[in-house]
Amino acid sequence: MPAFPDPSHPDCSVQWPLPQPGAAAAAGHRNELRLAVMASGSGSNFEALVRACRAGCPRGAVALLVVNNPGCAAIARAERLGVPWQMLDHRGHGSREDLDRALIDLFQRQEIDLVVMAGWMRVVTPVLIGAFPGRLVNIHPSLLPSFRGMHAAAQALEAGVTLAGCTAHLVTEEVDAGQILVQAAVPVLVDDDVNSLSQRIQQQEHRILPLAVQLAAERLGLTVPQG
Ligand code: GRF
């Protein structure tokens, strides 16, 4: 059975992953995960994750927010929530790899266990992925593998699907293609536009991202299942 409260909705919109072998064997874990979040925009997923941690799932705390845009709204959320934040402006780094090396340095100095990309609008390189194997989680506003890349809600409307949704997954070199952790579906309504559909999807992102983080940590043996 899943180790934390069953998030299934009566309408079955959340697809709950089956228990994974070894999920309970967390030798050498520490009880409190140290999480970092990378964000470029509004930061609503960052805030949802902070609040979920404070409510007990995932078992840990967001120790650091990293942003790459001086004006992004995620900063104000961090200030309000009392979460330390750091600016790493990509324009000050010569290449994507340089930016990733700066991120690694920051995360290692802060003893970060697991990193969450929550609206980080930069493509990461094998440099960062290799430094955090299986420890880099992304949230994407579609039911992957459909509608990768930017403008996923617009793509869903354009395709005429009647179900859309979101996916929390591990990050690999191929964009929006890593192992799926948790997905949730939402209906597409007849009068939806990109804005209304995106809002409905985001509500589900806020539910599944914390679950995905806990799940990824359990699979790595970084934490024990929640009892
Ligand atoms: C989310 O919809 C996420 O799926 C996408 O970027 C958006 C970030 O939103 N990758 P927020 O900054 O968390 O509000």
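Counting starts at 1 for both ligands and their atoms, following the listed order.
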Original post:
Which bit of M117 gets closer than 4.0 Å to ligand 1, counting heavy atoms only: side chain, backbone, both or neither?
Top reply: neither
Subject >> Option of least heavy-atom distance to atom 5 (C) of ligand 1 (set: L49, V67, I201, I139) >> reply: I139
Original post:
Do the charged groups of D105 and R101 touch, with an N to O distance under 4.0 Å?
Top reply: no
Original post:
Honestly curious: do L99 and L136 fall in one hydrophobic cluster under the side-chain, below-4.5 Å linking rule?
Top reply: yes
Original post:
Would you say S42 has any N or O atom under 3.5 Å from an N or O of ligand 1, going by distance alone?
Top reply: yes
Original post:
To which of C166, G119, S142 does the heavy atom nearest atom 8 (C) of ligand 1 belong?
Top reply: G119
Original post:
Would you say the side chains of H140 and S142 form a donor-acceptor pair under 3.5 Å?
Top reply: yes
**OP:** Give, for atom OG of S198 and atom CG of D192, the distance between the pair rounded to the nearest 0.5 Å.
**Re:** 9.0 Å
Original post:
Cluster question for you: counting only ILVMFWY and a side-chain heavy-atom cut-off of under 4.5 Å, with indirect links fine, are I180 and V137 together?
Top reply: no
**OP:** Output the list of atoms in ligand 1 that are nearer than 4.0 Å to some heavy atom of Q202, sorted by atom number.
**Re:** 1 (C), 2 (O), 7 (C), 8 (C), 9 (O), 11 (P), 14 (O)
Subject >> Nearest protein heavy atom with distance in Å, relative to atom 14 (O) of ligand 1 >> reply: S44 OG, 2.5 Å
**OP:** Would you give the length of the straight line joining atom CZ of F107 to atom CZ of R34, rounded to the nearest 0.5 angstrom?
**Re:** 12.0 Å
**OP:** Please state whether G43 comes within less than 4.0 angstrom of ligand 1, counting heavy atoms only.
**Re:** yes
Original post:
For atom 1 (C) of ligand 1, what is the nearest protein heavy atom, given as residue, atom name and distance?
Top reply: E205 OE1, 3.1 Å
